[in-house]
2 protein chains.
Amino acid sequence: MLTGAARVANPCAACAVREQAVCAALSPGRLQRLIAIVTRVSFEPDQILFLEGEPDEYAFNISEGIARLSKMLSDGRRLVTAFVHPGDFIGLTPRHAYACTAEAVTALRVCRFPKAGLQAFFRDNPGMERRVLAMASAELWDAQSQLMLLGRKTARERLASFLRNWPSRPLPSGKSAWVIDLPMTRTDIADHLGLTPETVCRTFTALVKEGIVEMPLAERIILSRPNRLEKIAEGES
Amino acid sequence: MLTGAARVANPCAACAVREQAVCAALSPGRLQRLIAIVTRVSFEPDQILFLEGEPDEYAFNISEGIARLSKMLSDGRRLVTAFVHPGDFIGLTPRHAYACTAEAVTALRVCRFPKAGLQAFFRDNPGMERRVLAMASAELWDAQSQLMLLGRKTARERLASFLRNWPSRPLPSGKSAWVIDLPMTRTDIADHLGLTPETVCRTFTALVKEGIVEMPLAERIILSRPNRLEKIAEGES
DNA sequence: CGTATACTTGAATTGAGTCAATAAGTGTGG
DNA sequence: CCACACTTATTGACTCAATTCAAGTATACG
């Protein structure tokens with residue numbers, strides 16, 4: 001089931017997202033109190049963190065890897081509501097159940113918080129609750145952009161928006177070109193953009209033919225003309 | 001510009017949403033401190049509360065009436081991200097600007113909070129911040145349902161979902177039938193569901209022909225067969 | 001290597017959009 | 001009260017972007 005679950009003296013010392021995560025606001029003393037309720041857990045690709053509708057026993061902070069959040073209709077239609085990155089905090093809900101399913105896309109390392117303990121911890125650490133509110137606001141902002149994407153953008157604009165928003169690093173040789181790695185399948189991308197995998201493929205091919213992106217491998221995209229891509233993403237061409 | 005803006009001794013005494021709103025958590029004494037920074041404002045239909053991209057000077061709590069939140073692309077394509085009801089709290093953002101435009105659909109009465117004062121107030125009243133976080137979580141839940149709607153549902157399923165979610169009251173004479181009033185235009189509904197007004201019309205007509213709803217007036221819908229509507233909304237027929 | 005899975009491309013189909021016309025309200029001023 | 005202008009809602013005919021269905025191709029893995 002779980003690949004690993006462990007408690008160590010100070011698991012946060014080596015944490016790569018210590019500065020961005022919900023726990024960033026905490027003093028060393030309070031961090032120790034948080035560590036007392038947290039469990040570090042690992043997941044392999046496609047393993048499930050939690051299921052839509054299931055009682056919301058835990059919240060999670062992503063340390064390493066990418067996960068996907070998704071919802072399904074009874075006939076199997078799926079929507080990937082978001083891809084989740086290191087530093088993101090998931091599993092918070094206003095009901096007693098999870099709003100969506102969370103699965104590992106890549107190998108994953110997370111901090112797992114029991115909801116009950118977390119509520120109590122919030123009461124004593126308003127700074128952390130403030131940070132969670134800030135992250136929820138940011139999620140809402142992103143969700144609204146995604147609503148515009150799904151409701152009004154064309155396939156071409158959706159893929160351009162997706163590529164623009166995905167984390168990228170500068171291409172070593174190039175001037176203003178960027179590289180991105182896409183660890184998920186075309187079906188995952190399609191389900192995130194409200195399209196079919198076929199349409200995602202065709203749209204990639206079209207962008208490559210126009211010289212806007214390059215695709216040395218299916219899972220690696222080079223943004224050759226980022227400004228052009230940005231215009232497309234915003235529906236300005 | 002503004003239809004009215006006033007400060008009175010205890011504007012909250014007669015507030016219809018006192019129990020549901022963000023201020024519900026406050027003791028009488030703390031409520032007085034909040035009243036010191038709040039201004040009650042009225043808007044006429046189609047008046048603007050704030051514009052997408054504008055500096056986020058104020059947050060608002062809706063006391064009476066319905067508002068719409070929307071985003072636009074440069075070529076005029078619009079998406080209504082949400083309709084806002086009494087008790088809802090809007091204008092909270094993680095940036096320095098509003099994520100979307102807010103406009104009155106019906107005549108509106110709101111409480112207006114300067115952001116700066118609100119931040120300070122939160123610091124002294126963690127209970128209220130907790131309540132805002134709970135409301136943000138609820139908004140996120142709704143946004144995720146709307147993502148599924150826009151990404152994967154058919155026109156028929158979208159309209160059924162919309163009618164199911166809109167506040168309704170029981171039909172006096174009927175057994176299990178419900179009445180809803182739709183104060184917004186077909187274009188507003190279409191922009192909320194990622195459709196055109198023509199498709200919204202045609203889909204209404206189809207639901208009427210099938211006896212699932214009745215439409216004595218364009219702005220009044222009777223849900224004659226709510227169970228059937230629910231099934232359609234969830235893609236189960 | 002053979003099998004499975006993911007990706008890509010082509011051809012035919014279709015649900016919703018576009019364009020166009022008509023109907024039904026709503027408000028105004030003579 | 002009626003004629004007119006204006007906005008919103010509805011319906012019809014045609015179009016098209018994206019889906020569906022159907023091969024093929026590439027890649028990974030035991």
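Numbers restart at 1 for each chain; the letters A, B, ... are given by sequence-line order, proteins then strands. Here the structure is a predicted model, which means the values were calculated and not measured.
- Nucleotides of DNA chain D with any atom under 4.0 Å from a heavy atom of chain A span, from 5' to 3', dA18(D) to dC21(D).
- The side-chain heavy atoms of C111(B) and S63(B), taken from C-beta on, include a pair separated by under 4.5 Å.
- Between R152(B) and A218(B), the residue anchored nearer the 5' end of DNA chain D, judged by the nucleotide with its closest heavy atom, is A218(B).
- Using a cut-off of 4.0 Å between Lys/Arg side-chain N and Asp/Glu carboxylate O, R220(A) and E214(A) are scored as not salt-bridged.
- Expressed to the nearest 0.5 Å, how far CD1 of I180(B) lies from CG of N165(B) amounts to 10.0 Å.
- The CD1 atom of I232(B) sits 10.0 Å away from atom CG of L163(B), with the distance rounded to the nearest 0.5 Å.
- Using a 4.0 Å cut-off between a side-chain N of Lys or Arg and a carboxylate O of Asp or Glu, D191(A) and R186(A) do not qualify as a salt bridge.
- No salt bridge links D75(A) with R152(B); every basic N to acidic carboxylate O contact stays at or beyond 4.0 Å.
- Ring planes of Y98(B) and F50(B): parallel class, angle under 30° (limits at 30 and 60°).
- Comparing K209(B) and M184(B) along DNA chain D, the residue whose closest nucleotide (by nearest heavy atom) sits nearer the 5' end is M184(B).
- Non-hydrogen atoms lying under 4.0 Å from DNA chain C are contributed by E198(A), C201(A), R202(A), T205(A), all within residues 198-208 of chain A.
- In the 5' to 3' direction, nucleotides of DNA chain C lying under 4.0 Å from heavy atoms of chain A begin and end at dC7(C) to dA11(C).
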Discussion item. Quick one, S161(A) with K153(A), criterion side chain to side chain donor-acceptor pair (under 3.5 Å). Give me CA distance, side-chain angles, the key distance, then yes/no.
Written reply: CA-CA 9 Å; S161(A) 301; K153(A) 289 186 183 176; 3.0 Å; yes
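- Between E157(A) and K231(A), no side-chain nitrogen of the basic residue sits less than 4.0 Å from a carboxylate oxygen of the acidic one, so the salt-bridge criterion is not met.
- A cation-pi arrangement is absent between R112(A) and F60(A) under the rule of less than 6.0 angstrom and at most 45 degrees off the ring axis.
- Comparing T154(B) and E219(B) by the nucleotide of DNA chain C that holds the closest heavy atom to each, the one mapping nearer the 5' end is T154(B).
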